[in-house]
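Start at 1 and go down the list; that is how both ligands and their atoms are numbered.
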Amino acid sequence: MANHMNAVKNKPVGKSLLGGAMIIAGTTVGAGMFSLPVVGAGMWFGYSVLMLLGIWFCMLMSGLLLLETNLHFEPGASFDTLTKETLGQFWRIVNGVSIAFVLYILTYAYISGGGSIVNHSLQGMGIELPQSVAGLVFAVVLACIVLISTKAVDRITTIMLGGMIITFFLAIGNLLIEIDVTKLLEPDGNQSFMPYLWAALPFGLASFGYHGNVPSLVKYYGKDSSTIIKAIFVGTFIALIIYACWLVATMGNIPRSQFSEIIAQGGNMGVLVGALSKVMESSWLNSMLTLFANLAVASSFLGVTLGLFDYLADLFGFDDTRSGRIKTAVVTFVPPTILGLLFPDGFLIAIGFAALAATVWAIIVPALMAYKSRQQFPNHQGFRVFGGTPLIILVVLYGVVTGACHLLAMANLLPQFS
Ligand SMILES: N[C@@H](Cc1ccccc1)C(=O)O
C-alpha cells in the first residue's frame, strides 16, 4: 500500500494518532502481503502466524530504535543526516545505496505483480494480453500520475486506501466465513513443516517494512514521542491483524497441495488471486478480491515510486520544472519497466532481494545508530527503547539471520516447499 512519506510533507492530515497510524499501516501493507501465503505454504498456518508475531516484534523494535535516534535531531532530519551524524560517512553511503536498491527493486516487484494482477483482471473481462504488456500498461498509467505531481499521488492514494479497506472487508469477510477448518489445521501434503520457516523469513521482513516513514512522522508530529510510538505500534499492529486474516482466508480455502501448483507457476499475485477466485462462489465478491489486489499493488507502487522519484531528483539535481520532472521520471521508471518487460515473473525473487537490502537500512543501521547515539548523548532524558544493549543485539541478530537465510535460499541450501 502507499508510502505516504511525501504526502506528509505537503498536506497536513490532522495531527491525530489515527493519521499517523494510517500512514504506517498504509506503507506496511503492500505487495509483500501477497507473498506470505505462497512462501508460508510449506510451514502452513500455525508456524506462519508465529513467524509473523516474531517479525512484527523485531520490526517494531527496530522502528522504535530508529525513532529514538531521530528524536536527538531536529524534526525534518532525514536518514542521510542521522547516519552521517551517528555512524559516519561509510554507513551513510551503505545506507543510501541500500535504500535506493530497495526502492528500485520494489518498483520492479510492483510492475511484475501489477502486470500479473492486471492480466488476471483482464482475463475476467475476456481480454488476453501477454503479462509483460500488462505490466507495461500498469507502469505507464501509474508513472504518469507520479509525473503529474505529488498532490496527484496523494489524492489518488487516499481514494485507493478507502477503496482497499472496503474491498478487503467485503472479499476477505466472505472468505473468512467460508473457511474450512480442516484445511487450516490439518494440512495435506508432506507432513514436514518447521524446516520451511527459514526460507520464508525474508518475505515476512519485507511485509513489515515501513521504516522510511519514521523520519516523516517525526517531521509531522514534532518531538511528541508518545504519539509517534503509539502510531507505529497501532499501524504495524493493524498490518499484523490484516496479515493474519489474509492467511486464514487463503490457507483456509486453498489446500496446501494446491500451493505447489501456484509456486510452480511463479507464485505471482495473479496466480494466487486466481486460485482464490476459483473457490469463491459469488462472482461479485470475486471482483472485490481482484479489485482489492489491484488497489493494493497500485497504491504501493505510487507510494514507493514517489519516494524513489524524489530521492533521484535530489541525487541527480534535477529540478521541479517540466523537463526536470521528465528527466527524473525517465531514471525512475525506465530501468524497472524494462526489467518488467524482460522478466515479467520475478515478483517473489524481487521481494526477497528487497528484504535482503532492507535488513541493512531498516534493521541493522537503526540498531547501530541507537547504540551509538546512547554513547553520544549519555545524559539524554527523552525516549529510550527498553531492553538496553541486549535488545539492540537481538535486533541486529534478527537482521543478520534473515539476510543469511535469503542468501542460503538463493544458493538452494534451505528446504523450499514445491
Ligand atoms: N512493506 C511493503 C514493502 C516495504 C519494504 C520496506 C520499506 C517500505 C516498504 C510491502 O509489503 O509492500
Can we call the ring centroids of Tyr47 and Phe193 under 6.0 Å apart?
no
Would you mind running through ligand 1 and noting each atom that sits below 4.0 Å from a heavy atom of Thr27?
1 (N), 2 (C)
Name the orientation class of the two ring planes belonging to His211 and Trp361 (parallel below 30°, tilted from 30 to 60°, perpendicular beyond 60°).
perpendicular
Looking just at side-chain N and O atoms, do Asn119 and Ser116 make a donor-acceptor pair shorter than 3.5 Å?
no
Tell me yes or no: between the side chains of Asn294 and Ser121, is some donor less than 3.5 Å from an acceptor?
yes
Check ligand 1 against Gly32 and write out every atom of the ligand that is under 4.0 Å from a heavy-atom position of the residue.
10 (C), 11 (O), 12 (O)
Residue Tyr110 vicinity, atoms of ligand 1 by number, heavy atom under 4.0 Å:
3 (C), 10 (C), 12 (O)
Can you tell me if Ala31 contacts ligand 1 (heavy atom of the residue under 4.0 Å from the ligand)?
yes
Proximity flag Ala354 to ligand 1, non-hydrogen atoms under 4.0 Å
no
For ligand 1, the portion of Ala358 having any non-hydrogen atom under 4.0 Å away:
neither
Considering only heavy atoms, which of Ala357, Gly303, Ala239, Ala206 lies nearest to atom 5 (C) of ligand 1?
Ala206
Tell me whether the rings of Phe333 and Phe309 are parallel (<30°), tilted (30 to 60°) or perpendicular (>60°).
tilted
Quick check: do His406 and Phe353 have side-chain heavy atoms less than 4.5 Å from each other?
yes
For Gly209 and ligand 1, does the shortest N/O to N/O distance drop below 3.5 Å?
yes
Heteroatom proximity flag, Thr28 to ligand 1, N/O under 3.5 Å:
yes
Please answer whether the main-chain N or O of Leu147 pairs with a side-chain N or O of Arg325 as donor and acceptor at a distance below 3.5 Å.
yes
